[in-house]
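Note sheet for the following structure.
First the proteins, then the strands, lettered A, B, ... as listed; each starts at 1.
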Number of protein chains: 2
Amino acid sequence: MDEEKKRKEDCPLCDKIEYSYQLIGKKWIGLIIHTLLDGPKRFSEIHAYIPDLSKRVLNERIKELEDCGIINRNVIPTRPIRTEYSLTIKGTELGKALIPVEQWAKKWL
Amino acid sequence: MDEEKKRKEDCPLCDKIEYSYQLIGKKWIGLIIHTLLDGPKRFSEIHAYIPDLSKRVLNERIKELEDCGIINRNVIPTRPIRTEYSLTIKGTELGKALIPVEQWAKKWL
DNA sequence: GTAAATAGGTTATAAAAAGTAACTAACATC
DNA sequence: GATGTTAGTTACTTTTTATAACCTATTTAC
């Protein structure tokens with residue numbers, strides 16, 4: 001069956017699509033981005049918005065999202081020091097790209 | 001800080017949004033829907049398109065997606081019997097809602 | 001008609017990811 | 001100096017995923 005062979009064979013576009021699904025396919029990533037879409041937030045604020053997400057995993061997700069350029073960590077030198085997280089342009093655009101999924105949820109769930 | 005209290009307090013819309021992110025936040029869900037968006041496929045075809053997804057988990061994901069009304073299982077009484085999976089209307093709309101994420105991937109990855 | 005192949009799974013076990021709760025460091029207030 | 005807050009970290013448990021072998025039914029190849 002030749003049709004079975006038309007799969008991803010070093011197709012760079014397929015790789016990107018697959019990567020994006022692995023990204024939003026990680027638990028909590030979508031909700032964290034959604035939360036930050038309405039403005040920068042501190043660690044404890046994000047945690048308060050998503051209480052079922054543990055601090056350990058929140059910290060892990062934040063580092064992953066920083067590493068792929070989706071969020072920025074801004075350390076504000078007040079006393080006590082506060083760290084604020086905000087979406088980069090790349091991250092804001094991902095957040096906006098997820099809005100149709102939220103609209104789907106409103107309609108179908 | 002009162003602002004921390006403006007979180008999801010029995011907000012049905014937030015629940016829906018959260019549920020949708022938990023759904024697409026499960027590994028492989030997005031790619032399976034993407035794969036089915038271009039037409040119905042058999043078990044082994046989906047597996048061929050996404051070879052890194054094991055048959056055990058593919059089977060689990062298929063059952064979950066069936067349970068929430070996103071895909072249909074059609075048993076075709078040919079000899080040998082073939083089972084074909086297709087998106088429901090709900091599933092097709094979710095697939096379409098994910099296209100902006102793919103466009104984001106094309107632009108930013 | 002026996003041997004290997006295909007389709008659509010299931011099972012057992014191992015590895016990776018996420019959850020839980022207690023702890024820490026740096027400062028601040030009472 | 002005891003208590004609290006912020007932003008984490010650590011050790012340990014539970015849940016998810018991965019890996020690979022196996023299974024049943026039917027089919028094609030020899």
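- Among the atoms of the strands shown, only primed sugar atoms or phosphate atoms (P, OP1, OP2) are found under 4.0 Å from some heavy atom of B:T83.
- Taking the centre and axis of the six-membered ring of B:Y49, the NZ or CZ atom of B:K41 falls inside the cone set by 45° and 6.0 Å.
- Among the atoms of the strands shown, base atoms are found under 4.0 Å from some heavy atom of A:K55.
- Put simply, the residue from A:I62, A:I33, A:L36, A:T92 that forms a side chain to side chain contact (heavy atoms under 4.5 Å, CB included) with A:I70 is A:I33.
- Of the possible donor and acceptor atoms, none in the side chain of B:K96 sits under 3.5 Å from a partner among the backbone N and O of A:P100.
- Between D:dA7 and A:S44, a contact under 4.0 Å exists linking OP1 or OP2 to a side-chain N or O.
- Residue B:K26 places its side chain closer to D:dT17 than to any other of D:dG8, D:dT17, C:dA18.
- Residue B:Y85 has a polar side-chain atom (N or O) positioned under 4.0 Å from OP1 or OP2 of C:dG9.
- Atom C1' of nucleotide D:dT6 and atom CD1 of A:I76 are separated by 12 Å, given to the nearest angstrom.
- Counting only heavy atoms from C-beta on, A:R82 has its side chain closest to D:dA7 among C:dT20, D:dA7, D:dG8.
- Between the side chains of A:E102 and B:Y21, a donor-acceptor pair is found at a separation under 3.5 Å.
- With hydrogens and angles ignored, no donor-acceptor pair closer than 3.5 Å exists between the side chain of A:R42 and the base of D:dA7.
- If you take CD of B:E66 and C1' of C:dG8, they are 14 Å apart, rounded to a whole angstrom.
- Note: CZ (A:R56) to C1' (D:dT14) measures 12 Å, nearest angstrom.
- Residue B:K16 comes nearest to A:K106 through the heavy atom pair NZ-O, 3.7 Å, listed as atom of the first residue, atom of the second, then distance.
- Rounded to an integer number of Å, the gap from NZ of A:K27 to P of C:dG19 is 4 Å.
- Between A:R73 atom CZ and D:dT6 atom P the separation is 17 Å, expressed in whole Å.
- The distance between atom CD of B:E60 and atom C1' of C:dT11, rounded to the nearest whole Å, is 13 Å.
- The distance from atom CG of A:L23 to atom P of C:dA17 is 15 Å, rounded to the nearest whole Å.
- C:dG8 atom P lies 13 Å from atom NZ of B:K41, rounded to whole Å.
- Applying the 4.0 Å criterion to OP1 and OP2 of C:dG19, one finds that A:W28 has a side-chain N or O inside that range.
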